[in-house]
There are 2 protein chains.
Amino acid sequence: MPVSKKPNGTIRMRDVAERAQVSRMTVSRALNRPETVNEVLRNRVLEAVQDLGYVHNHLARSLSSRRSNVIGLVLPSLENSIFSQTVKGISDVLRPLGYHLMVAESSDDPEDEERVIAAFLAQRVGGLILHSTNHSANAVRMLKASDTPVVENGDFPVDPVDMVVSYSNRAAAKAMTLHLARLGYKRIVFAGLAANPRASQRQLGFLDALAEIGQKQDAKLSVAVSRGFGGGTEAISFIDANIPDADALFCAGDVLAVGALFECDRRGWAVPGRLAIASFDDLDLMRHVSPALTSLRLPRYEIGRRSAQMILDRIEERTMPVTTVDLGFEIVQRASS
Amino acid sequence: MPVSKKPNGTIRMRDVAERAQVSRMTVSRALNRPETVNEVLRNRVLEAVQDLGYVHNHLARSLSSRRSNVIGLVLPSLENSIFSQTVKGISDVLRPLGYHLMVAESSDDPEDEERVIAAFLAQRVGGLILHSTNHSANAVRMLKASDTPVVENGDFPVDPVDMVVSYSNRAAAKAMTLHLARLGYKRIVFAGLAANPRASQRQLGFLDALAEIGQKQDAKLSVAVSRGFGGGTEAISFIDANIPDADALFCAGDVLAVGALFECDRRGWAVPGRLAIASFDDLDLMRHVSPALTSLRLPRYEIGRRSAQMILDRIEERTMPVTTVDLGFEIVQRASS
DNA sequence: TTGTAAGCGTTATCAA
DNA sequence: TTGATAACGCTTACAA
């Protein structure tokens, strides 16, 4: 069968219909719900699609059908590999059902996030997954007005936009702090990123734990540091200068903990002899440094799966789903504590 | 001004037009090219947009105008943070001009990539950036037929689809190998990921260098390892078992090199005393491990910038741009070699 | 500078 | 099971 390519202009459904000698609707049906079309015609259509190299126009389809097979995901940052499991969880649910994932970045800034959300809504995505729980008022208004299914991920918001799938940063941080206390550490220091809403919740959890074990909530036991490995260095310097009797450091961030470990190495501080270290997220790296780092394992993959599932349930009106899911966390005890 | 929200149904441009007492076209113009509309009317329109909470429908806009402000980016994986700089470079160019970036993942598998490309084309994106240079025949056909501007990134393809912005994996690997040779290392081992097209090019560069310094191209000096830190461990085991007299290891992957370094640490091998290590990509981590790792710095950010710029130039028909840009690379010598 | 009319390429709806 | 027709919400092209 000779393949004749149209020299200019895109191939439209109408062209396929002509070639297959059927109506446009038959082509549309053969593409969207093949089982509703007679086999003979269906094959004729599919052949014409091949011959012409036709690419379905989802713009027109979505406009006309008022539904979209694109789901948007807004991540604080693409720098951090902690989200890759979540992305995988989402994709694994979406792909078999013919949906597609598009990712954008908010830089953890509500204004940037608003822009990104606006773009997704303008694109009329079928659903939105936000790995963040504090949004600009405007963003919330747009989301609610749009009637788009939304799942929030990074924590449990006080006032959810719609659905939520997460673990509790506060509860997790509290649990890890209690774990360290149980191991016998007496003077635990908390280090978190400055101006990060999730880090703040983690600090609250840290304070909760101190209260529970009857230790006075000394504000001096918390330090805000910068992003990246350097933040870990800062944490160690802080301890050296201000809390020399500290015997454990709980870093509310994976990279921070590794940075701290490197700095201890440089200073010749034994870990955990001189200082125990625990971290908040169980990156692959945590297992490989030495000593391996004690850390909190979060259900990143499952968060992705459930989020995607809940969005799809809503889109396909299967259920009026539960709106908040707590997926918990797990403490992984290793050599560093 | 009381804000009355439509109880059901989305707000359309027509609703805004009614409220502002102008035609739809005036609304359209006020939104797309504000300078072409009288200030009074423009403000009336913008106010109506606010009051109603109108969100522009880009689906309809793109369908009608036959252009899109969405640019697609296909990455081999989101796990690896090496691409974050590229994403930033692209965003920095796109955002000020009102374009948006959507990211999808190919898993370095041509079939997955084809699916993702098909989805982007169906979505009628304005341009596509592919961080990969080997695509399925079908994908190439679709891309060419679509007339969408395309930039390929990860290497220099033998037969480019369209535009290319990259560095040469082969040249970079050759340069690093020569650098190690110049430092006096006599028996250099190369470790790369199995079944990775970029790793293969890097191996060719390694062999080029051996040839140039008159060393015989011993196939036994190359080893294919698995992804992740474990790959580095495998490389060291390989050396221990097969090339005990090796004095340098060149890892064609950032994480690999760190894994190798950790393994040396475990075995008590001095780096670079017993074995020098060099790596292919200059992640932040490279500076922070000890000893800090010698590595190749690649122009990741600039690759993003140029790619985006070339796409936009093509879209806005500013130029018939150069189609291939070589952005080079840089060797960063540190303590590990 | 503003408005009118005719698409953009698909699908919902209803009829055959 | 298939087809005709009228949207979907916007912009292009042209007229006023």
Side-chain angles (χ1 to χ4, degrees), chain A residues 6 8-46 48-49 52-70 98 121-126 146-147, chain B residues 6 8-46 48-49 52-70 98 121-126 146-147:
Chain A
K6 256 197 158 168
N8 69 336
T10 319
I11 289 110
R12 307 176 313 285
M13 202 177 255
R14 153 184 303 166
D15 303 317
V16 177
E18 262 172 34
R19 178 162 187 126
Q21 314 238 53
V22 295
S23 71
R24 271 178 321 188
M25 272 316 297
T26 301
V27 176
S28 175
R29 282 192 271 254
L31 257 29
N32 292 315
R33 277 171 308 123
E35 72 281 5
T36 67
V37 169
N38 174 299
E39 190 178 338
V40 179
L41 287 193
R42 190 201 316 153
N43 289 144
R44 229 157 70 201
V45 168
L46 266 24
V49 165
L52 297 172
Y54 169 69
V55 177
H56 202 151
N57 188 330
H58 282 27
L59 246 39
R61 181 221 254 174
S62 297
L63 178 60
S64 181
S65 67
R66 296 146 156 278
R67 31 185 21 263
S68 160
N69 65 341
V70 175
L121 291 180
Q123 227 58 239
R124 297 298 190 268
V125 292
S146 75
D147 233 54
Chain B
K6 258 197 160 167
N8 70 337
T10 319
I11 289 109
R12 307 176 315 282
M13 202 176 256
R14 152 184 304 165
D15 304 317
V16 176
E18 262 172 35
R19 177 159 188 130
Q21 313 238 55
V22 295
S23 71
R24 275 182 321 200
M25 268 319 295
T26 300
V27 176
S28 174
R29 282 192 271 253
L31 258 29
N32 292 316
R33 278 172 306 124
E35 71 281 5
T36 67
V37 65
N38 176 300
E39 191 178 339
V40 178
L41 288 192
R42 190 201 317 154
N43 289 143
R44 229 155 73 200
V45 169
L46 266 25
V49 165
L52 297 171
Y54 170 70
V55 177
H56 201 150
N57 188 329
H58 282 27
L59 245 40
R61 182 222 253 175
S62 297
L63 179 60
S64 180
S65 66
R66 296 145 156 276
R67 28 183 25 259
S68 160
N69 66 341
V70 175
L121 291 180
Q123 228 57 240
R124 297 300 191 267
V125 292
S146 75
D147 233 54

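Keep in mind the model is a prediction, meaning the values are calculated, not measured. Hydrogens, waters and symmetry mates play no part in the numbers below; they use all other heavy atoms, side chains included.
- Under 3.5 Å, the side chain of A/R29 and the base of D/dG3 form at least one donor-acceptor pair of N or O atoms.
- Atom CE of A/M25 is separated from atom P of C/dA12 by 7 Å (rounded to the nearest Å).
- Protein atom CE of B/M13 is 16 Å distant from nucleotide atom P of C/dT4, rounded to whole Å.
- Using a 4.0 Å heavy-atom distance criterion, A/L41 is classed as a sugar-phosphate-only contact.
- The base of C/dG3 lies outside donor-acceptor range of the side chain of B/T26, with no N or O pair under 3.5 Å.
- Relative to the side chain of B/R24, the nucleotides D/dC10, C/dT1, D/dT5 differ in distance, and D/dC10 lies closest.
- Checked by distance alone, A/S64 brings a side-chain donor or acceptor within 3.5 Å of a matching partner on the base of C/dT10.
- Between the C1' atom of C/dC8 and the CG atom of B/N57 lies a distance of 13 Å, rounded to the nearest Å.
- Closest to the side chain of A/V37, from the set D/dC10, C/dT2, D/dT2, is D/dT2.
- One finds the OG atom of A/S62 at 14.5 Å from the NE2 atom of B/H58 (value rounded to the nearest 0.5 Å).
- Rounding to whole angstrom units, CZ of residue B/R42 and P of C/dT1 are separated by 10 Å.
- One can place CZ of A/R33 at 17 Å from P of C/dT10, the figure rounded to the nearest angstrom.
- Here the nucleotide nearest the side chain of A/N32, chosen from D/dT12, C/dT11, C/dT1, is C/dT11.
- Atom CG in B/L63 sits roughly 5 Å away from atom C1' in C/dG9 (whole-Å rounding).
- Closest to the side chain of B/H56, from the set D/dT11, D/dT2, C/dT11, is D/dT11.
- Between B/N32 and B/R61, the side chains place a donor N or O and an acceptor N or O closer than 3.5 Å (distance only, hydrogens not considered).
- Other residues, nucleotides and ligands contribute more than 12 heavy atoms inside 6.0 Å of the CD atom of A/E35.
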* To do: Test side chain to side chain contact (heavy atoms under 4.5 Å, CB included) on B/N57 and B/M13 and set out the steps.
  => CA-CA 9 Å; B/N57 188 329; B/M13 202 176 256; over 6 Å; no
